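Written below as C-alpha cells is the structure these notes are about.
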Protein chains: 2
Amino acid sequence: MSYYNFVDRPSKQRIQEMADQLHLKVSPDAVHLFLDFQLAYREVEKNYESLVASFDLSESRFIILMFLYYAEDKQLLPSEIAHKLGVTKPTISKLLRGMAQQGLVSSHQSQSDKRVRDVQLTTAGEKLLRTFLPYNYRSSSLLFEDFTAEEKQQFAHLLRKLLKSKDKIQQLEEDYHEHGKN
Amino acid sequence: MSYYNFVDRPSKQRIQEMADQLHLKVSPDAVHLFLDFQLAYREVEKNYESLVASFDLSESRFIILMFLYYAEDKQLLPSEIAHKLGVTKPTISKLLRGMAQQGLVSSHQSQSDKRVRDVQLTTAGEKLLRTFLPYNYRSSSLLFEDFTAEEKQQFAHLLRKLLKSKDKIQQLEEDYHEHGKN
DNA sequence: TTCATTTAGTTAGCCGGCTAACTAAATGAA
DNA sequence: TTCATTTAGTTAGCCGGCTAACTAAATGAA
C-alpha cells in the first residue's frame, strides 16, 4: 500500500467553522496554505528519500559524502561534520558508525589530539557518490522542469520570505511560556 | 546551542563545478532551489514542532485529536486514524499508546468486532485541543502575515505544481532500477 | 459448515532525529 | 604545575517514522 501523507485534510470551511467557534478573528487561508506547504514538502521528500535509498544511502549520508569529498584530504572530524550538517553529536556518531559499516568512510584516532577521530572518505564512498550524483541533479531538474524562470525566481523569493517569518513562531511560543500558561 | 539545518550549503558555483566535472548538462538553479525549499520547510517545521511540544503534543498527536474531535461520537478505530493521518498501523499503535498514557484518549474493545478497539477522545484531550488550537491558528497567520493575497495565491500555485512533479522522481527511480544498475 | 483468506492490531527491530549523562583528553588560570 | 573548565565523542533511552512477522478474529467460497 502506498501511503499519502495526511489524507484527511480539513477544508477551508471546516477551518473557518472551528475558528468561529473559538471566536478567533483569523482567515482560514493561512492555515490552509501551511498545510499545502507541509504536504508538498512531505510528498516530494518521500519520493526523494526513496530514490536516495535505492543507492543504499539516506539524504544525510549523501550530504556527508559531499562534505568529505570537498574537504581537504577528503577528511573531517565528526564534530565538523555535525556542525556542517546541523545535527547533534549523538546523531553524527550513529550516522558515521553506520557509514563505516557500509565501508563508505573509515576513521582513525588522530595523533595530535587523542580525543578526536579523523573521518576519511573511502574509495568505495567516493565511487558511490559519483554514481548517485547524476541522479541527484536529475531529480532536482525534473522537479522544477515545468517552472518558468520567473516562477523559479518567485518561488525562491517566497521561500526566503517564509524563512524570515519562522522567528514569529518562536516569539509566539515565548509569549505562551510567559503569559499564556497563567 | 541552536542547530541550523544544513549549515554548509553549496554555492551555485560549487553545484555548477560538480555538474561540469560529471559532464552533466544541467542548470544549478534547480538544485539550489530544491535546497532552499528543504531548508525553508525544515526551519519552519522545527519552530512549529517546538511550539506544539510546549503543549506536550507532537504535530501527529494534535492532528489525531482533531480527527477525533470531528468524528461521530468523538470516536474512531486505530485503522481509520492511521488512514486519515497517512501512517502505518505500527506507527498509529505507538502514537495511541502514548496518547492513552497521557490521558488524551481512551480505548475499549468493540462489542461487535472483537479485533477492534474504539478510540475515544477524553475530556482532557478535548480540553488540551481547545487550549492549543488558537496557537495553531496564530502560528499559520503569523507565518504568512507579510504575504500579499497575490503572493499567497502564487505560493499555492507553485506548491501544486511541485506536488504534481513528484512522480517524476519516482519515474527516475524506476528507470534506475530497470536500466541504471547494469 | 469448514477452512483458506482477509482484516485489525501488536511486537520486534531498524532509521534518523533528539536530550541527558557519561568518559577521556586538552586547555588555561592561579 | 595543578586542577577546574572546556571540548570531543559515546552510550542510553526517548520520539515518530518504517518493514517484517506475528496473533486473533471475521469473512466468504466450496
Side-chain angles (χ1 to χ4, degrees), chain A residues 1-6 38 41-43 45-50 52-53 55-64 76-102 104-105 107-119, chain B residues 1-6 38 41-43 45-50 52-53 55-64 76-102 104-105 107-119:
Chain A
M1 192 176 352
S2 161
Y3 283 86
Y4 201 82
N5 285 301
F6 201 7
Q38 290 179 308
Y41 171 85
R42 288 168 192 179
E43 287 296 308
E45 186 69 15
K46 193 168 64 180
N47 286 13
Y48 177 66
E49 274 288 5
S50 172
V52 178
F55 294 81
D56 294 316
L57 287 172
S58 67
E59 190 181 346
S60 292
R61 289 178 192 216
F62 160 56
I63 295 169
I64 291 170
L76 289 168
L77 304 181
S79 51
E80 292 171 332
I81 301 173
H83 176 254
K84 283 167 179 282
L85 191 59
V87 300
T88 59
K89 288 186 293 175
T91 295
I92 211 64
S93 194
K94 256 200 245 180
L95 279 168
L96 291 174
R97 196 186 321 138
M99 292 175 76
Q101 274 165 1
Q102 279 183 289
L104 303 177
V105 302
S107 76
H108 310 279
Q109 194 175 49
S110 160
Q111 289 312 310
S112 52
D113 184 340
K114 284 180 183 172
R115 292 172 304 178
V116 139
R117 299 190 70 78
D118 292 314
V119 177
Chain B
M1 187 177 352
S2 159
Y3 284 86
Y4 200 83
N5 286 301
F6 199 10
Q38 290 179 308
Y41 170 85
R42 288 168 192 179
E43 287 298 307
E45 186 69 15
K46 192 168 65 181
N47 286 14
Y48 177 66
E49 274 289 4
S50 172
V52 178
F55 294 81
D56 296 315
L57 287 172
S58 66
E59 191 183 345
S60 291
R61 289 178 192 218
F62 159 56
I63 295 169
I64 291 169
L76 289 168
L77 305 182
S79 51
E80 292 170 333
I81 301 173
H83 176 252
K84 283 166 179 284
L85 191 59
V87 300
T88 58
K89 290 186 291 176
T91 296
I92 211 64
S93 193
K94 255 201 247 181
L95 281 167
L96 291 175
R97 196 187 319 139
M99 292 175 76
Q101 274 166 0
Q102 279 183 289
L104 303 177
V105 302
S107 75
H108 311 280
Q109 194 176 47
S110 161
Q111 289 312 309
S112 53
D113 184 339
K114 284 180 182 172
R115 291 172 305 179
V116 139
R117 298 190 70 78
D118 292 314
V119 177

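Quick note on labels: first sequence line is chain A, next is B, and so on, each numbered from 1. Predicted, not measured: the structure shown is a model, and the values here were computed from it.
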Whole-Å distance between [N] [atom2] and [X] [atom1]?
{"X": "B/Leu96", "N": "D/dG17", "atom1": "CG", "atom2": "P", "answer": "12 Å"}
{"X": "A/Lys89", "N": "D/dA12", "atom1": "NZ", "atom2": "P", "answer": "17 Å"}
{"X": "A/Leu85", "N": "C/dG17", "atom1": "CG", "atom2": "C1'", "answer": "11 Å"}
{"X": "A/Ile64", "N": "C/dC15", "atom1": "CD1", "atom2": "P", "answer": "14 Å"}
{"X": "B/His83", "N": "C/dA8", "atom1": "NE2", "atom2": "P", "answer": "12 Å"}
{"X": "A/Leu57", "N": "C/dC15", "atom1": "CG", "atom2": "P", "answer": "14 Å"}
{"X": "A/Arg117", "N": "C/dT23", "atom1": "CZ", "atom2": "C1'", "answer": "15 Å"}
{"X": "A/Glu45", "N": "C/dG17", "atom1": "CD", "atom2": "P", "answer": "10 Å"}

Next on the checklist: For A/Glu59, give me all partners under salt bridge (charged side-chain N to carboxylate O under 4.0 Å, His left out), at least two apart in sequence or on another chain.
Outcome noted: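 In terms of salt bridge (charged side-chain N to carboxylate O under 4.0 Å, His left out), with neighbours along the sequence ignored, A/Glu59 is linked to B/Arg42.
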Next on the checklist: Restricting to salt bridge (charged side-chain N to carboxylate O under 4.0 Å, His left out), what partner residues turn up for A/Arg97, sequence neighbours left out?
Outcome noted: none
With sugar-phosphate meaning primed atoms plus P, OP1 and OP2, does [X] contact a base, only sugar-phosphate, or nothing at under 4.0 Å between heavy atoms?
{"X": "A/Arg42", "result": "nothing"}
{"X": "B/Ser79", "result": "sugar-phosphate"}
{"X": "A/Leu95", "result": "sugar-phosphate"}

Checklist entry - In residues 107-115 of chain A, which ones come under 4.0 Å of DNA chain C, going by heavy atoms? => result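 DNA chain C contact set from residues 107-115 of chain A: A/Ser112, A/Asp113, A/Lys114, A/Arg115.
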Next on the checklist: Just to verify, what does B/Phe55 make a ring pair (Phe, Tyr, Trp, His ring centres under 6.0 Å) with, not counting sequence neighbours?
Outcome noted: A/Tyr176, B/Phe132, B/Tyr135
Checklist entry - Could you spell out the base pairing of DNA chain C in dot-bracket, with Watson-Crick or G-U pairs whose two distances are under 3.5 Å, [ ] crossing and | to another strand? => result ||||||||||||||||||||||||||||||
Checklist entry - Where the side chain of B/Pro90 is concerned, which of D/dA20, C/dC18, D/dG9 is the nearest nucleotide? => result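 Of the options given, the side chain of B/Pro90 lies nearest D/dA20.
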Checklist entry - Between C/dG9, C/dG17, D/dG17, which one does the side chain of B/Val87 approach most closely? => result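 Closest nucleotide to the B/Val87 side chain: D/dG17.
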Under the side-chain hydrogen bond (donor to acceptor under 3.5 Å, both in side chains) test, which residues partner [X], sequence neighbours left out?
{"X": "A/Thr91", "value": "A/Thr88"}
{"X": "A/Ser79", "value": "none"}
{"X": "B/Asp113", "value": "B/Arg115"}

Checklist entry - What residues form a side-chain contact (heavy atoms from CB on, under 4.5 Å) with B/Gln109, not counting sequence neighbours? => result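 For B/Gln109 the side-chain contact (heavy atoms from CB on, under 4.5 Å) partners, ignoring immediate neighbours, are B/Lys114, B/Arg117.
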